[in-house]
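Naming: A, B, ... by sequence-line order, numbering from 1 per chain.
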Amino acid sequence: MSLKVYNSLTRQKEVFTPIIEGHVGMYVCGPTVSGESHLGHARPFITFDVVYRYLMHLGYKVRYVRNITDAGHFEEEGREAEDKISKKAAVERLEPMELVQKYTNLYHWAMAQFNNLPPSIEPTATGHIVEQIEMIKKIIEDGYAYEANGSVYFDVEKYHRDYSAKGMPYGMLSGRNLDEQLDTTRELDNQEEKRNKSDFALWKNAPPEHIMRWASPWGEGFPGWHIECSAMSTKYLGEEFDIHGGGMDLQFPHHECEIAQSTVCNHKTPARYWLHNNMITINGKKMGKSYNNVIKLSELFAGTHPILEQPYHPMTIRFFILQSHYRSTLDFSNEALQSAEKGMKRLWEAYENLQKLSTDNASAADTALDQKVQQLLAELYEFMNDDLNTAKVLANLFELAPIINSIRHGQTAANAVAGSTIAKMQQYFHLFLEEIFGLKAEQANDDNKLGGVLQLLIDIRKDAKSRKDYVTSDKIRNELATLGIQLKDEKDGSVSWSINN
RNA sequence: GGUCCUGUGGCCGAGUGGCUAGGCAGAGCUCUGCAAAAGCUUCUACAGCGGUUCGAAUCCGCUCGGGACCUCCA
């Protein structure tokens with residue numbers, strides 16, 4: 001069974017076939033480092049990290065490019081053009097590049113917390129000004145952009161007219177009808193430089209107070225919002241590549257404009273498969289700056305935001321995100337996060353129990369159970385291949401958990417399931433949880449000093465219990481519980497422990 | 001106003017026309033010195049109204065609610 005993904009461009013699930021066999025080029029829109037990343041940003045980066053991991057697992061050699069936008073965005077159309085980064089820099093009295101570096105570092109820290117693999121290439125907008133200027137020049141030469149007062153705008157009308165005839169109208173990705181847009185776009189001020197409201201900036205003339213500025217054929221300025229992704233994806237992945245990813249809110253205008261720019265330069269639609277993750281909402285509303293409802297990642301991990309009842313471990317967030325399908329909205333609440341935290345703990349303990357099971361049993365005493373396990377395991381690939389349904393994968397792993405636990409705790413006979421089936425479970429749990437989903441234990445349970453101390457306490461308690469000195473044994477157990485360490489008496493007389501938050 | 005998505009049990013969330021998804025929470029039981037953990041059992045669903053169909057959470061229509069985008073957005 002082959003991998004199918006939902007392609008926003010065609011609005012249907014399609015079999016994924018790379019342009020060059022065995023290789024995948026994937027571009028994902030990265031962060032704008034003018035501020036700290038919030039929970040909403042975590043979703044695309046975790047989603048596409050899983051895409052990246054799964055493609056590699058399938059044997060593809062993947063080049064994963066995720067940019068860092070460190071220059072050139074506008075605060076808002078209709079207002080005086082100003083670079084977000086330089087504006088904030090003035091407020092905070094920092095060098096623009098110092099600010100960019102600070103938030104880039106924080107972003108990298110958060111990505112590492114989530115156990116996201118670093119992309120193959122992480123290009124910055126400021127590092128590719130030359131490429132962007134070259135691309136703009138090319139678009140002007142082809143007649144699809146014009147200069148006005150030191151700024152350059154993309155001629156959307158002309159592009160739409162010419163490329164509609166070639167089956168590539170402006171709006172093909174987002175399903176927008178340009179004519180309707182023209183009638184309904186809200187009134188904007190200071191648009192006199194543009195020939196049409198739908199035109200977008202490729203290059204903006206920098207006003208004197210602007211700190212970030214570069215020389216260009218049109219004077220000193222800075223690049224428009226969309227051109228960096230076209231320039232960098234073309235440079236590192238070629239004129240046509242396999243996957244372009246990002247949040248649904250980037251579909252229009254950002255990705256639409258990317259398509260227009262790249263198509264003029266390269267005469268083909270840049271990416272074959274466009275994947276968009278849905279939004280994280282809070283009380284049903286998208287988490288975003290404009291709603292003033294963002295929870296920064298550092299606040300989430302530390303539990304410092306007023307709305308948070310407790311800190312949440314990065315792995316809890318990752319698990320929470322993977323428990324839903326990436327194209328559905330996902331609603332944040334303390335209750336939902338807490339349930340994810342408990343659920344992951346339970347699943348992880350089943351995974352740890354699984355690793356302790358023997359694989360020696362030659363044949364299954366309970367063939368029905370053995371077959372059920374086989375079935376649940378076989379479905380894991382089906383679910384991933386069906387547009388990366390991580391939610392269904394986790395549901396199946398949860399169905400396996402009681403089977404594992406009951407064997408481990410003796411409620412089900414040890415020989416009920418064949419050793420080969422146990423081995424396969426061990427392999428699949430490791431594969432899906434750790435390698436593909438990128439999950440890892442919330443705490444390292446292999447801290448030698450702590451483990452040694454606990455073992456000492458466990459031994460003392462065991463002695464006390466053997467003397468029926470329950471006062472002492474309960475004291476040890478209860479005081480450890482107060483410290484967040486839970487002792488569990490196993491059926492076989494051994495004692496295990498786990499750390500609660 | 002335009003384009004599109006969505007409405008599932010106390011909460012989150014998956015659902016390919018027929019076969020109880022799953023998680024968290026609740027209840028009961030087993031095990032246990034007592035617990036915890038674990039296992040077993042169990043209660044609440046498909047916004048409303050029509051239609052198609054032998055059969056609809058799923059397809060179609062209407063109504064109501066929620067949301068996204070329409071040039072800052074992940």
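For Ser324(A), the side-chain atoms get nearest to A14(B) when compared with the rest of A14(B), G33(B), G66(B). For Asp474(A), taking side-chain heavy atoms from C-beta onward, the closest of the listed nucleotides G39(B), C34(B), G15(B) is C34(B). Residue Pro253(A) places its side chain closer to C70(B) than to any other of G23(B), C70(B), A74(B). The side chain of Arg346(A) has G39(B) as its nearest neighbour among G39(B), A74(B), G15(B). Closest to the side chain of Lys342(A), out of C24(B), A14(B), G33(B), is C24(B). The side chain of Asp331(A) lies closest to C12(B) when the candidates are C12(B), U71(B), A74(B). Here the nucleotide nearest the side chain of Arg43(A), chosen from U71(B), G33(B), A74(B), is A74(B). When the nucleotides U71(B), A74(B), C24(B) are ranked by their closest atom to the side chain of Ser339(A), C24(B) comes out on top. Between A74(B), A35(B), G10(B), one nucleotide has an atom nearer to the side chain of Asp489(A) than all others, and that is A35(B). Listed nucleotides: G2(B), G15(B), A74(B). Nearest to the side chain of Ile280(A): A74(B).
Atom NE2 of His276(A) and atom C1' of C5(B) are 14 Å apart (whole Å). Counting to the nearest Å, the P atom of A68(B) and the CD atom of Gln251(A) are 15 Å from each other. His254(A) places its NE2 atom 15 Å from the P atom of C69(B), with the value rounded to the nearest Å. Rounding to whole angstrom units, NZ of residue Lys197(A) and C1' of G1(B) are separated by 14 Å. With rounding to whole Å, Ile476(A) atom CD1 is found 19 Å from C34(B) atom P. At whole-Å resolution of the value, CE in Met248(A) and P in U71(B) are 19 Å apart. Separating the CD atom of Gln323(A) from the P atom of G15(B) is a distance of 13 Å, rounded to the nearest angstrom.
For G55(B) and G51(B), the P atoms lie 12 Å apart once the distance is rounded to whole Å. Only the C1' atoms considered, A37(B) is 11 Å distant from C31(B), to the nearest whole Å. Rounded to a whole angstrom, the distance from the C1' atom of G26(B) to that of G15(B) is 25 Å. A distance of about 13 Å separates the P atoms of G10(B) and G48(B), rounded to the whole Å. Taking atom P on both nucleotides, A47(B) is separated from U8(B) by 7 Å, rounded to a whole Å. Taking the P atom of each, C40(B) and G22(B) are spaced 12 Å apart, rounded to whole Å. Straight-line distance between the C1' atoms of C19(B) and U6(B): roughly 27 Å, to the nearest whole Å. Straight-line distance between the P atoms of C59(B) and G65(B): roughly 22 Å, to the nearest whole Å.
Relative to the six-membered ring of Phe252(A), Arg176(A) meets both conditions, a distance below 6.0 Å and an angle of at most 45° to the axis. Cation-pi contact between Arg66(A) and Phe45(A): present, with separation from the ring centre below 6.0 Å and deviation from the ring axis of at most 45°.
A close approach under 4.0 Å does occur between a side-chain nitrogen or oxygen of His41(A) and OP1 or OP2 of A74(B). At U6(B), none of the side-chain N or O atoms of Ser328(A) fall inside 4.0 Å of OP1 or OP2 (strictly under the cut-off). Contact between the side-chain N/O atoms of Lys488(A) and the OP1/OP2 oxygens of U32(B) is not found at any separation under 4.0 Å. Residue Tyr291(A) places at least one side-chain N or O under 4.0 Å from the OP1 or OP2 atom of A68(B). Under 4.0 angstrom from either OP1 or OP2 of A37(B) there lies no side-chain N or O belonging to Asn405(A).
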**Request:** Evaluate side chain to side chain donor-acceptor pair (under 3.5 Å) for Tyr146(A) paired with Lys194(A), printing each intermediate quantity in order.
**Result:** CA-CA 9 Å; Tyr146(A) 54 90; Lys194(A) 292 183 181 180; over 6 Å; no
**Message:** Go through it in stages, so that I can follow the logic: the residues are Lys345(A) and Glu341(A), the test is salt bridge (Lys or Arg N to Asp or Glu O under 4.0 Å), and I'd like the CA-CA distance, side-chain angles, deciding distance and then a yes or no.
**Reply:** CA-CA 6 Å; Lys345(A) 183 168 186 276; Glu341(A) 182 179 274; over 6 Å; no
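Between the base of A36(B) and the side chain of Gln486(A) there is no donor-acceptor pair shorter than 3.5 Å. With hydrogens and angles ignored, a donor-acceptor pair under 3.5 angstrom links the side chain of Arg176(A) to the base of C69(B). Side chain Arg477(A) to base C34(B): a donor-acceptor pair is found below 3.5 Å.
Pro44(A) comes within 4.0 angstrom of a base, heavy atoms only. Across all strands, Met344(A) comes closer than 4.0 Å to no nucleic acid atom at all (heavy-atom distances). Using a 4.0 Å heavy-atom distance criterion, Ser37(A) is classed as making no nucleic acid contact. Gly284(A) comes within contact range of the sugar-phosphate backbone alone, with a heavy-atom separation under 4.0 Å but no base atom that close.
Side-chain contact of Asp459(A) with Gln455(A): a donor-acceptor pair under 3.5 Å is present, judged by distance alone. Side-chain contact of His255(A) with His276(A): a donor-acceptor pair under 3.5 Å is present, judged by distance alone. For the residue pair Ser230(A) / Ser262(A), a side-chain donor-acceptor distance below 3.5 Å is found, with atom types taken as modelled.
Scanning for ring pair (Phe, Tyr, Trp, His ring centres under 6.0 Å) contacts around Phe114(A) gives Phe301(A), with sequence neighbours left out.
Taking a cutoff of 4.0 Å between a charged side-chain nitrogen and a carboxylate oxygen, Arg467(A) and Asp463(A) do not qualify as a salt bridge.
Using Watson-Crick or G-U wobble geometry with both donor-acceptor distances under 3.5 Å, C49(B) finds its partner in G61(B). C19(B) is unpaired under the Watson-Crick or G-U wobble criterion, no partner having all donor-acceptor distances under 3.5 Å. Shown here, G1(B) forms a base pair with C70(B); the pair counts as Watson-Crick or G-U wobble because both key distances fall under 3.5 Å.
For the contact set between residues 390-399 of chain A and RNA chain B, defined by any heavy atom under 4.0 Å, the members are Ala391(A), Lys392(A), Ala395(A), Phe398(A), Glu399(A).
Taking the six-membered ring for Trp, Tyr163(A) and Tyr144(A) have ring centres closer than 6.0 Å. Here Phe200(A) and Tyr153(A) keep their ring centres 6.0 angstrom or further from each other.
Place Cys29(A) and Val156(A) on RNA chain B by their nearest nucleotides, and Val156(A) ends up nearer the 5' end. If His325(A) and Arg11(A) are placed on RNA chain B by their nearest nucleotide, the residue sitting closer to the 5' end is Arg11(A).
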